Each structure stands twice: as C-alpha cells, then as structure tokens.
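Just below is one structure, and these are the notes that go with it.
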Amino acid sequence: MGNSIQPLADNITLIATPELWLEGEAIQQLQTTATLPNIKLVAGMPDLHPGRGYPVGAAFFTTQYLYPALIGGDIGCGMSLWQTTVKIHAMNQAKLIKRLGNIDQPLSEAECISLWPDIRPLAEHMYASGTIGGGNHFAELQMLETIYAPETARQIGLNRQHLQLMVHSGSRGLGGVILDKHIRQYGHQGLVADGTAGSTYLMQHNQALDYAQQNRELIGRRILANLRAQGQKLVDISHNFIEPVTINGESGWLHRKGAAAATKGLVIIPGSRADFSYLVQPLDTVSALYSLAHGAGRKWQRSACKGRLAGYYTAEQLTRTVHGSRVICCDRELLYEEAPQAYKSIDSVIAAMVQADLIRPIARFKPVITYKVQTEKK
DNA sequence: ATGTCC
C-alpha cells in the first residue's frame with residue numbers, strides 16, 4: 001500500500017491515485033506555491049483544485065514565516081458533525097423542512113446565550129452569529145448508510161435510528177476583514193511569525209478560528225432547537241488555519257487550506273450534496289503533513305456550472321438528489337454552482353487516502369436535507 | 001469566502 005502517495009518534487013507530496021481526476025492548474029499552483037521563500041514542505045490532498053492564486057486542498061509547512069494569503073479570507077472554516085435525537089421514522093422530509101424553518105437571519109445576543117449559556121463573548125462580530133453563509137457552506141441532516149467500524153461507531157454514540165447533522169461554515173465576515181487589512185498593508189509576502197505584523201495576524205487569526213468554531217456550535221444548536229431535539233457534537237475540525245508544529249525536529253508553521261486537521265481526532269469529510277459523507281479515523285498522516293481532504297473537491301469552476309447544466313436541469317430539478325434528499329436553496333445561481341456534477345465523487349477521494357494508509361473509514365452517511373439558504377435574493 | 005461586487 002502507500003502507492004497513492006506521489007512525490008511531485010523534493011518537497012511536494014501528492015495524495016492521489018491514477019483514477020483520481022486532478023486539474024492541471026491545481027498542480028501548477030501547488031508547484032508554484034512550493035517555491036515561495038521558507039516554504040519547506042507541501043502536501044496536496046486528493047481533493048486538490050485551483051484557487052485564487054494558491055491551490056485549495058493542500059498543506060504547507062514553513063519555518064519562521066507565515067503566509068496569511070495561503071489561508072485566504074475564510075479563516076477557521078471547518079466541518080462539524082452532531083448526533084441528534086431526531087428519530088428517522090417519526091419524521092418525514094416535509095415535517096423536518098417545516099420545523100427547520102428559516103435560519104438565514106443572525107441570532108441576537110440574547111438568542112445566542114439562550115441556545116448556549118456557556119458561550120464566550122463574540123465581541124463585535126455578532127452580526128452573522130448562527131448563520132451558515134454562502135458559497136459551499138451548508139448544514140445537512142443525514143442518516144447512517146454504512147458502518148465500517150462498529151466498535152468505534154458505538155463508542156462515540158452514533159445511532160442508526162436517529163439523524164446526524166453536519167455543519168460546514170467559517171468565520172463569516174470576520175476572517176475576510178482580517179485578511180483584507182493584512183494584504184493591504186503587507187501584500188502576499190511571508191511575514192516573520194514573531195515580528196509585529198506576524199504576531200498581530202496570528203492573534204487575529206486565532207480569534208477568527210475561535211469565532212468560526214463557536215459559530216458552527218451556534219448553528220448546530222439553532223437547528224436542534226428548531227427541530228425540538230437534543231444533540232451531541234461528535235466532531236469539529238477546521239480546514240483553513242495555521243498552527244505551530246514540529247516536523248523532522250524542525251519547528252515551524254503548518255498552513256492548511258482546504259485540508260482537514262488530522263491530529264484532533266475523528267474527521268468528517270463531506271461529499272457533494274448528492275453524495276455520501278465519510279467519518280474517518282486518521283492513521284499516520286505525517287506524509288500528508290498531518291492533513292486530509294476536506295471534501296470531494298470541485299471538478300468544475302463555479303462560473304462554468306450554469307452553462308453546462310442549464311440545458312439539462314431546471315433549478316427546481318436541482319433541489320432533489322439521487323438519494324431522494326432535498327436541497328433548501330432559493331438562490332438559483334447557487335443551485336447550479338453547488339450542483340453535485342460540479343464535484344468529484346467522494347469515493348474516489350476517500351479511496352486515495354485509504355490506499356495511502358492515511359485513514360480508516362468509520363461510517364458513511366447519506367444526505368436527507370441540505371440547507372443552503374431559504375430567503376429569496378432581492 | 002464576503003452583513004460581497006456588478
């Protein structure tokens with residue numbers, strides 16, 4: 001095994017199989033980024049795809065220097081998984097959708113505290129609290145489809161009779177404000193981590209990381225409250241952030257951009273809205289820079305989706321999937337941009353990591369209801 | 001990605 005770990009250069013590793021489709025531009029971006037000063041090691045995940053200058057689905061190890069632009073605006077973006085007490089057989093889709101209601105408006109401070117009495121202060125960024133955001137962000141009710149590791153599934157409390165809830169969201173406007181300010185002042189260059197600029201960024205980055213995690217918790221609690229259910233958060237893993245690490249005895253900074261942290265317990269990896277999501281246990285991931293794929297990875301650019309799909313599918317048709325799940329999305333553009341056809345098969349991404357001995361699958365889930373946005377655009 | 005830009 002381990003045949004899906006491909007060295008692209010002295011300092012670049014790519015986790016991919018021959019069957020896995022990867023865009024040339026993404027590999028190009030990976031190689032270009034690897035030549036930046038003080039970037040020592042680079043690992044491409046099997047969901048690697050092109051980003052704005054830098055690839056998405058990769059981890060970068062630097063010494064001394066931080067590259068805020070590598071992380072991008074959505075600092076702290078991540079995935080959480082909850083086990084809910086919503087009984088599958090006691091609920092139908094229509095009832096669930098009705099109860100879920102509209103969660104597009106930010107929660108007031110009082111609502112936040114009511115949902116989560118132990119919440120830490122969210123400072124001035126209350127405006128987006130409890131909201132999912134746009135783009136590829138979503139909340140999804142799911143049901144267990146296959147359990148691969150019954151003992152682990154039992155230990156963490158996975159329950160076949162009850163729905164699971166997955167939340168994908170980030171730091172909303174906060175991370176973007178931090179990056180914009182930083183880029184205006186210093187551009188895209190790397191900054192010494194313990195210098196003034198570097199340490200200021202790192203402090204703000206840590207706040208955004210914290211805010212993003214709290215916001216996912218709020219979203220989860222908000223949805224559970226609407227469903228009149230309880231729930232337990234099983235997993236919360238960020239895929240856009242920087243953390244200090246020591247690799248081969250050298251201390252430095254691990255930058256993850258669309259790469260899930262593999263050092264913080266189980267990881268939930270979503271497929272497209274018409275595909276499975278996998279709960280996995282990370283194994284030895286040092287070859288992948290302690291990271292894993294964060295999803296299926298885009299196959300088509302956002303801008304190409306409508307042109308490729310509009311002749312075949314109406315927006316209405318895109319609100320139903322092959323799994324019989326429903327997509328709550330009143331934004332027609334987003335329905336096309338996030339169509340399952342725009343993403344790779346999650347099985348191909350998972351297979352690459354299994355073959356590389358990076359993960360052990362624990363269970364997989366199928367979508368029941370995917371919530372994007374309920375409110376019509378003006 | 002964006003209490004988003006046209």
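Atoms considered below: every heavy atom in the structure, side chains included; atoms not considered: hydrogens, waters and symmetry mates. Within every chain, numbering begins at 1; the chains are lettered A, B, ... in the order of the sequence lines, protein sequences first and strands thereafter. Because the structure is a prediction, the values reported are computed rather than measured.
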Quiz item: Rounded to the Å, how far apart are A:Leu179 CG and B:dA1 P?
Solution: 14 Å
Quiz item: When the distance from NZ of A:Lys372 to C1' of B:dT2 is rounded to whole Å, what number comes out?
Solution: 14 Å
Exercise. Measure from CG on A:Asn215 to P on B:dA1 and round the result to the nearest Å.
Key: 15 Å
Quiz item: So does A:Lys40 pair up with A:Glu250, basic N to acidic O under 4.0 Å?
Solution: no
Quiz prompt | Whole-Å distance separating the CG atom of A:Leu218 from the P atom of B:dG3 | solution = 16 Å
Practice problem: Tell me, please, which residues at least two apart from A:Tyr65 pass ring-ring contact (aromatic ring centres under 6.0 Å, His included). | Solution: none
Quiz item: Looking for any heavy atom pair under 4.0 Å, which part of the strands does A:Arg52 touch: base, sugar-phosphate only, or nothing?
Solution: base
Quiz item: So what does A:Gly135 touch, heavy atoms closer than 4.0 Å: a base, only the sugar-phosphate, or nothing?
Solution: sugar-phosphate
Quiz item: OP1 or OP2 of B:dA1 less than 4.0 angstrom from a side-chain nitrogen or oxygen of A:Asn136, does that happen here?
Solution: yes
Quiz item: Rounded to whole angstroms, how far apart are CZ on A:Arg216 and C1' on B:dA1?
Solution: 13 Å
Practice problem: Respond yes when some side-chain nitrogen or oxygen of A:Arg172 is under 4.0 Å from OP1 or OP2 of B:dT4, and no when none is. | Solution: no
Practice problem: Have a look at A:Gly134 and say if it touches a base, only the backbone sugar-phosphate, or nothing, with a 4.0 Å heavy-atom cut-off. | Solution: sugar-phosphate
Quiz item: Atom CZ of A:Arg302 to atom C1' of B:dT4: distance rounded to whole Å?
Solution: 13 Å
Quiz item: Taking atom P of B:dA1 as reference, at what distance in whole Å does atom CD1 of A:Ile178 sit?
Solution: 18 Å
Quiz prompt | Salt-bridge contact A:Lys299-A:Asp47 (side-chain N to carboxylate O under 4.0 Å) | solution = no
Quiz item: Quick one: A:Asp331 CG to B:dT4 C1', roughly how many Å, whole number?
Solution: 13 Å
Quiz item: Under the side chain to side chain contact (heavy atoms under 4.5 Å, CB included) test, which residues partner A:Arg160, sequence neighbours left out?
Solution: A:Leu144, A:Ile147
Quiz item: Are A:His137 and B:dT2 close enough that a side-chain N or O sits under 4.0 Å from OP1 or OP2?
Solution: yes
Self-check item: A:His255 ring center near A:Phe241 ring center (under 6.0 Å)
Solution: no
